[in-house]
Amino acid sequence: MFLHENLSVQDNGRLAFCGRDTAELAEQYGTPLYLLDEEGIRQRCRLYRDAMAEYFGNGSMPLFASKVLCFKRIYEMVAEEGIGTDLVSSGEIHTAVKAGFPMEKAYFHGSNKTDFDIRYAMDCNVGYFICDNEWEIVEINREAEKRGVQQKVLLRLTPGIDPHTHQAISTGKVDSKFGVAIETGQAEAFIKRVLTLKNIELKGYHCHIGSQIFDYKPFTDAAVLMLDFIAHIKEVCGYQAEELNLGGGMGVRYVESEPQIDYRENLRGIAALMKERCAALGISLPKILMEPGRSIVADQGITLYTAGGLKEITGFKNYVSIDGGMPDNPRYALYQSPYTVVNASKADKPADYVCTVAGRCCESGDLIQENVSLAKPEKGDLIAVLATGAYNYSMASNYNRIPRPAIVLVDKNGRDYVGVRRESLDDLLRNDI
Ligand SMILES: *Cc1c(COP(=O)(O)O)cnc(C)c1O
């Protein structure tokens, strides 16, 4: 009935998540509440891990993109499933280290790593830096020299691919703020410079074209372009990249009108085309890395809210007010992201009440979704927003001094446990003088 496998309707008409009554979980932990399907997340890690090993071989591996969901427990899970991670800040590095993540499998991103970040990442023995620009490579080289080490580096390049996704999540076009452009010749000049740096061990290149991409053509276009570039650099500099990181961006189904992607099949298709291209270019296939984020966790999570108000503006629209909003999920306010909303207390009833789901902040733009259909709520009904595992908790704020919700995981035996405690009112004052 519902979008994802971890959702079902119980005999009492209520929504279940991983076989657990959402009303019971809400009763125990309060709302708003983030719920995560631990086994579902692990399965996606394994899917990417096994498919990449099978289709690309050569030590190829997925890296979980930390920015989509960062807390200690997720690093334990990712480490147990044997995959790597990418990180974009000292805060993410610190979280991974504290969770005992094997840092040799960590790749450090960011378009403006501060000098502190660079030192901290080296203190923590982060395996690879993914370098964005010239100032940064100079600083990495300087710091590595001071420590008498060789730092492994990938260079972030912009292949000039438009993945036809939302502007704010399109990152691989030539005028992007990320990386160095291939088209303008700047990438080639950059590589020549990097190859002269004594304390940099250049391992290869990185590109990330954007997010929420359903068609796999943009990925193969980018991959082929990168392989052509690898062959070109081999010819002009005698340097062949050992590793090629293709970034993340595989789409996720948020609403029924979006397709369900077969990730394994996509990887098979991308690998086949890349191998063909390598043969044509006379180069060996590099070790391939990918950075799936959203497609590992988004549909493995939901958020539960309590309906606290219903406003029917005669002749205009209906609002359902919930006890959360843009502080725990800013994505509709940021880029009109679509979501499916369900009345979890009446999941067996027809979803025939058209309304706008509004948050509790003092902003008219604080909406979770406009004009969605759900069973008409009564006061106290549980409202579930589906596929909130990615870019919700990690983007959460304390706007209006609202504490962040808890994250509760349900494991494969149906046992629930807290991954992140709910913030208390005193937590909000922790740093106030
Ligand atoms: C955001 C991002 C990802 C993850 O993207 P998803 O769409 O969540 O898979 C991977 N790599 C880089 C460099 C990113 O910026």
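We count ligands from 1, going down the list as the structure has it; atoms in each ligand are counted the same way. This one's a predicted model, so the numbers in the text were calculated from it and none came from an experiment.
- Listed by atom number, the atoms of ligand 1 under 4.0 Å from Gly293 heavy atoms are 6 (P), 8 (O), 9 (O).
- Residue Ser295 places no heavy atom under 4.0 Å from ligand 1.
- A ring-centre distance under 6.0 Å is not found for His208 and His109.
- Heavy atoms of Arg156 found under 4.0 angstrom from ligand 1 belong exclusively to the side chain.
- Listed by first and then second residue, the salt bridge (charged side-chain N to carboxylate O under 4.0 Å, His left out) pairs involving residues 296-306 are Arg44-Asp299 (not counting sequence neighbours).
- Counting heavy-atom neighbours within 6.0 Å of Lys287 NZ, excluding the residue itself, gives a total above 12.
- Proximity of Phe178 to ligand 1, defined as any heavy-atom pair under 4.0 Å, is not found for any part of the residue.
- When every heavy atom of Leu367 is checked against every heavy atom of Tyr332, the shortest pair comes out as O-CB, 3.4 Å.
- Under the 4.0 Å criterion applied to side-chain N and carboxylate O atoms, Asp427 and Arg422 are not assigned as salt-bridge partners.
- Contact annotation for Ser211 and ligand 1: heavy atoms of both the backbone and the side chain come within less than 4.0 Å of the ligand.
- Residue pairs satisfying the ring-ring contact (aromatic ring centres under 6.0 Å, His included) criterion with at least one member in residues 237-261, sequence neighbours excluded, are listed as follows: Tyr254-Tyr339.
- Between His206 and ligand 1, a contact under 3.5 Å exists for no N or O pair.
- The atoms of ligand 1 that sit less than 4.0 Å from any heavy atom of Val68 are 8 (O).
- When heavy-atom distances to ligand 1 are checked against a 4.0 Å cut-off, Glu291 comes that close through both its backbone and its side chain.
- Polar contact with ligand 1: present for Lys67 (N/O pair, distance under 3.5 Å).
- Side-chain atoms of Tyr205 and Glu243 form no donor-acceptor pair, as typed in the model, at a separation below 3.5 Å.
- The ligand atoms of ligand 1 that sit less than 4.0 angstrom from a heavy atom of Gly248 are 9 (O), 10 (C), 11 (N).
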